[in-house]
Amino acid sequence: MNNSKALSWDWTESQVFEDAVMVAARAAAVEMGASPVSPATGAALRMLAAACGAKAVFEIGTGAGVSGLYLLAGMSENGVLTTIDSESEFQAAARSAFRVATQKSNRTRLINGHALEVLPRMAKAAYDMVVIDGDVREISSYIEQATRMLRPGGMVVIVHSLWMDQVGDPARREMETTQMRGAVTSLLGDERFISNVLTCGDGLAVGVYCPPE
């Protein structure tokens with residue numbers, strides 16, 4: 001990467017204002033090893049939620065609530081964020097962040113559990129967005145379930161889709177890298193989706209679900 005491109009990416013990250021609640025949530029996430037989304041990635045999630053008028057969002061990977069705070073900021077005022085994580089400590093931090101942000105309790109539903117056990121029980125065609133930030137080894141199964149859960153016109157969003165800048169390097173053949181590369185390539189080639197990869201943060205693959213009539 002040339003220096004100008006690196007400076008451009010750094011500049012876009014610096015343009016996102018984060019209030020004290022977000023700063024505290026991000027610090028908690030880093031301390032706990034929860035790998036929070038970057039400010040520009042969070043801002044993109046907020047924008048996408050607003051763009052589709054999201055009222056029902058499902059998030060795989062709660063972390064410490066950084067991405068959830070951004071999603072809630074973009075969703076409609078009566079929207080509900082359902083978020084799942086197998087780490088109860090992460091979810092406790094997220095619940096605290098949502099409370100400090102004065103989000104109404106009925107706007108969030110936190111589920112502690114393993115995604116592949118919970119996702120099949122979620123309603124079909126009921127969600128405006130499904131955000132994937134879970135175990136990369138299971139990402140293809142997450143996308144399959146997300147497709148079932150999305151309403152027509154809804155979005156599937158894959159966080160960390162560039163996987164530490166390794167996905168674009170064909171020489172990188174680590175298991176996590178190849179899983180992410182395969183999942184993103186599959187989404188981009190799926191005719192049921194209008195899709196693209198945004199290069200903010202660690203990458204954000206976005207697909208708008210347009211199933212054949």
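Just so you know, these numbers use all the heavy atoms, side chains as well, and skip hydrogens, waters and symmetry mates. In this chain, residues are counted from 1 in sequence order.
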Cut-off 3.5 Å, side chains only: do S67 and E59 have a donor facing an acceptor? yes
To the nearest 0.5 Å, what is the distance between CD (Q91) and OG (S88)? 8.0 Å
Using side-chain heavy atoms (C-beta onward) and a distance below 4.5 Å, is R95 in contact with L110? yes
Would a 4.5 Å heavy-atom cut-off, applied to side chains only, mark I158 and L187 as touching? yes
Compare all side-chain heavy atoms of E174 with those of W163 and state whether any distance is below 4.5 angstrom. no
T185 (side chain) donor-acceptor with G182 (main chain) under 3.5 angstrom: no
Start with the C-alpha distance between E18 and R26, add both sets of side-chain angles, then the distance that settles side-chain contact (heavy atoms from CB on, under 4.5 Å), and finish with yes or no. CA-CA 10 Å; E18 294 194 324; R26 182 176 297 284; 2.7 Å; yes
Say whether I143 and V157 are linked into one hydrophobic cluster, either directly or through other cluster members, by side-chain heavy-atom distances under 4.5 angstrom. no
Derivation of the side-chain contact (heavy atoms from CB on, under 4.5 Å) call for M129 and C52: CA-CA 8 Å; M129 287 181 70; C52 69; 3.7 Å; yes
Check whether V57 and I84 end up in the same hydrophobic cluster, where Ile, Leu, Val, Met, Phe, Trp and Tyr are linked by side-chain heavy atoms less than 4.5 Å apart. no
Using the side-chain contact (heavy atoms from CB on, under 4.5 Å) criterion, which residues pair with E13? Sequence neighbours excluded. S38, P39, A40
Under 3.5 Å donor-acceptor, R181 side chain and D169 backbone: yes
Determine whether a donor-acceptor pair (N or O, by modelled atom type, separation under 3.5 Å) exists between the side chain of R172 and the backbone of T178. no
Any chance CG of L188 has more than 12 other-residue heavy atoms, nucleotides or ligands included, within less than 6.0 Å? yes
Pairwise distance CD1(I111) to CE(M122) - rounded to 0.5 angstrom: 4.5 Å
Are the side chain of S186 and the backbone of A183 linked by a donor-acceptor contact shorter than 3.5 Å? no
Quick check against the 3.5 Å criterion: does N112 have a side-chain atom that pairs as donor or acceptor with the backbone of D85? yes
On a heavy-atom basis, which atom in A97 and which in A25 lie closest, and how many Å separate them? CB-CB, 4.1 Å
Salt bridge R137-E176, side-chain N to carboxylate O under 4.0 Å: no
Any donor-acceptor N/O pair, S195 side chain to G207 backbone, under 3.5 Å: no
Quick one: does any side-chain atom of S8 pair with a main-chain N or O of S4 as donor and acceptor, under 3.5 Å? yes
What closest approach, in Å, do A101 and L69 show between heavy atoms, and which atom pair accounts for it? CB-CD2, 3.7 Å
Within a strict 4.5 Å, meaning less than it, do heavy atoms of the T147 and F193 side chains meet? yes
So, D202 side chain and M164 main chain: donor-acceptor pair closer than 3.5 Å or not? yes
After noting the C-alpha distance and the side-chain angles of Y70 and V16, does the key distance pass the side-chain contact (heavy atoms from CB on, under 4.5 Å) rule? CA-CA 11 Å; Y70 274 109; V16 181; 3.5 Å; yes
Parallel, tilted or perpendicular: ring planes of F58 versus Y127, cut at 30 and 60 degrees: perpendicular
For a quick test of reading the model, state the closest non-hydrogen atom pair linking V167 to M180 and the distance between them. CG2-CG, 3.8 Å
V206, L162: one ILVMFWY side-chain cluster at the under-4.5 Å cut-off? no
Treating Q145 as the side-chain partner and L116 as the backbone partner, does any N or O pair qualify as donor plus acceptor under 3.5 Å? no
Taking all atoms of both residues into account, what is the closest heavy-atom pair of G53 and D128, and its distance? O-OD2, 4.4 Å
Side chains of M75 and L81: does their closest heavy-atom pair fall under 4.5 Å? yes
Contact check, side chains of L204 and L45, non-hydrogen atoms, under 4.5 Å: yes
Any side-chain heavy atom of D19 within less than 4.5 Å of one from F17? yes
Of all heavy-atom pairs between M155 and V208, which one has the smallest distance, and what is that distance? CG-CG2, 4.2 Å
Testing I60, L48, L71 one by one against V131 for a side chain to side chain contact (heavy atoms under 4.5 Å, CB included), which residue passes? L71
Roughly how far apart are D165 CG and T199 OG1, rounded to 0.5 Å? 10.0 Å
Might you work through the side-chain contact (heavy atoms from CB on, under 4.5 Å) test for L150 and V156, ending with a clear yes or no? CA-CA 8 Å; L150 282 173; V156 61; 4.0 Å; yes
Check this for me: Q15, atom CD, are more than 12 non-hydrogen atoms of other residues, nucleotides or ligands nearer than 6.0 Å? yes
Looking only at heavy atoms, which two atoms of A94 and T62 are closest? And how far apart? CB-CG2, 3.5 Å
Got a donor-acceptor contact below 3.5 angstrom from the R121 side chain to the E117 backbone? yes
F98 vs R107 side-chain heavy atoms within contact, under 4.5 Å: no
